[in-house]
Amino acid sequence: MGNNSSEIRSVKPIFWISTLYFAMGIPFVTINAVSGIMYKDMGISDSKITFWTALIMFSWTLKPLWSPFLEIYKTKKFFVVATQFAIGVLFALIVLSLPMPDFFKYSIALFAVVAFCGATHDIAADGTYINFLTNKEQAKYIGWQGAFYNLAKIISSGVLVYFAGVLEKTKGVTNAWMIIMGIYGLLFFALALYHYAVLPKENKQEKESRKAGNVRKELLEVITSFFKKKNIIWAVLFIILYRFAEGFAIKIAPLFFKAPRTSGGLGLSTSDIGLIYGTYGSAAFILGSVLAGYFIAARGLKKSLIWLCSAFNIPFIVYALLAYFQPTELLPVGLAVVVEYFGYGFGFVGLMLYIMQQIAPGEHKTAHYAFATGIMNLGVMIPGMFSGMISDWVGYKMFFIWVLIATIPAFVVTLLVPFSYPEKLKEH
């Protein structure tokens, strides 16, 4: 049960939940998607972009390992504000690094620190949500939480990428992206000041006193109990391989859109990519996610899972078709992204529900959920690291055929994965 003290909570939750989860979404989307478009504009190879931007996402996989230690020092509000301020500083340093001859080396190192701060911010933000809201309030605001996280995706990969494309025409590529990174920096300074003023304060008398040794012992218990769960090997294979093909496709698709037609790409402008992904793609993703919830509620997860897997993986065929036909009009590209993102939203819900209902249950439910989602990210991160190398080697046409082949393990594990806990389709 969250803390509902009126002395501690002077601001309505919606006024900090919205901005907190908006702030949570920005670093992840910026590193995972926007940075790739920026580096492509600035002449970096696909293999270099995909390897390093995927590798530095490792912080979101490892974050469960240091999350318990945040309870020892300071408060959740302290870590939210501190990490947001740090991210603002880091984006300012990225601005300064972009005109340098070795800009990639310096900027990717700074993005790696942004990733660490972003993952740490996620821990503190989720802790604030859980600690200061009652169970009823958590259910009430869960939709707003997701909505503002997705708004971050629309603003970052849509509006700001589109704006970068507009600026490139008058300011040049480097100056355009310096301005965009500067906007990110100013945004996080503003968020830090805002959350310093509005986030609820923890009651220090109720803050648990914990020692590092005890936390290490608890962490070891969480990890060992996780791998003692029934059918856990099958479950881990499932959450890794379900997104295996996505790990290849998601990194290369925007680079393929940007690449010149003579190189097998579509030759789209930065503004076109921002428009397609940030508006049509995001809307399709949200619609797919909502409809999947009703679909699963009607049929149950076990009966729905193979259909969700199909919706998630089969739409990757649109990229193979785009690579083969190389359309010159924006409409077929936009329709392809809508189809893929709708399927992505529809199928992704099944994976998260499986983790929630079949892996997390038990004594350490919250910790095991975080641990499982961290492992899940490996299924995207590892293929993403090597996607550029494969693409450079075989070309875009053959690469997207390889993506379709890479969906096969997802179907195999989906058909074989066991359900260790019975489904409860009726409310009692």
Exercise for the section: Mind running side chain to side chain contact (heavy atoms under 4.5 Å, CB included) on Trp16 and Thr128 for me, showing each step along the way? Expected result: CA-CA 10 Å; Trp16 54 264; Thr128 301; 3.7 Å; yes

Specify the closest pair of heavy atoms between [X] and [Y], including all atoms of both residues, with the distance to one decimal.
X      : Y      : value
Val403 : Ala245 : O-CB, 3.6 Å
Leu160 : Ile180 : O-CD1, 3.5 Å
Phe316 : Thr407 : CD1-CG2, 4.2 Å
Leu305 : Gly350 : CD1-O, 4.2 Å
Pro315 : Gly343 : CG-CA, 4.2 Å
Val173 : Glu168 : CA-CG, 4.0 Å

Practice task
Run through Ser156, Ser157, Ser35 and flag the one making a side chain to side chain donor-acceptor pair (under 3.5 Å) with Thr30.
Solution key: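 Result: among Ser156, Ser157, Ser35, Ser156 is the only option passing the side chain to side chain donor-acceptor pair (under 3.5 Å) with Thr30.
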
Handout entry: Ring-ring centroid check Tyr184 Phe91, cutoff 6.0 Å
Key =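 That pair passes the under 6.0 Å test.
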
Handout entry: Aromatic contact, Phe85 with Phe189 (centres under 6.0 Å)
Key =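 That pair passes the under 6.0 Å test.
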
Practice task
Identify whether NZ of Lys or CZ of Arg in Lys48 sits under 6.0 Å from the centre of the six-membered ring of Tyr39 and within 45° of that ring's axis.
Solution key: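 Not flagged: Lys48 not positioned over aromatic ring of Tyr39.
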
Exercise for the section: Decide whether a cation-pi geometry holds between Lys153 and Phe285; the criteria are a distance under 6.0 Å from NZ or CZ to the six-membered ring centre and an angle within 45° of the ring axis. Expected result: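 Yes, cation above the ring, under 6.0 Å and within 45°.
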
Problem - Phe248 vs Trp402 side-chain heavy atoms within contact, under 4.5 Å - result: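 In short, these two side chains touch, coming nearer than 4.5 Å.
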
Practice task
State whether a side-chain donor-acceptor pair under 3.5 Å links Ser47 with Ser45.
Solution key: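 Side-chain D/A pair, Ser47 to Ser45: present.
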
Exercise for the section: Could you verify whether a donor N or O on one side chain and an acceptor N or O on the other, from Thr270 and Asp41, lie under 3.5 Å apart? Expected result: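 Thr270 vs Asp41: donor-acceptor pair found between side chains.
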
Practice task
Please say which of Val337, Ile317, Val333 ends up in a side-chain contact (heavy atoms from CB on, under 4.5 Å) with Leu322.
Solution key: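 So the option named by the test is Val333.
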
Practice task
With Phe312 as reference, evaluate Phe342, Tyr242, Phe411, Trp307 under the ring pair (Phe, Tyr, Trp, His ring centres under 6.0 Å) test and give the passing residue.
Solution key: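 Exactly one pass, corresponding to Tyr242.
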
Problem - Check ion pair Lys251-Asp46 (N to O, under 4.0 angstrom) - result: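 Salt bridge between Lys251 and Asp46, a charged N being under 4.0 Å from a carboxylate O: no.
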
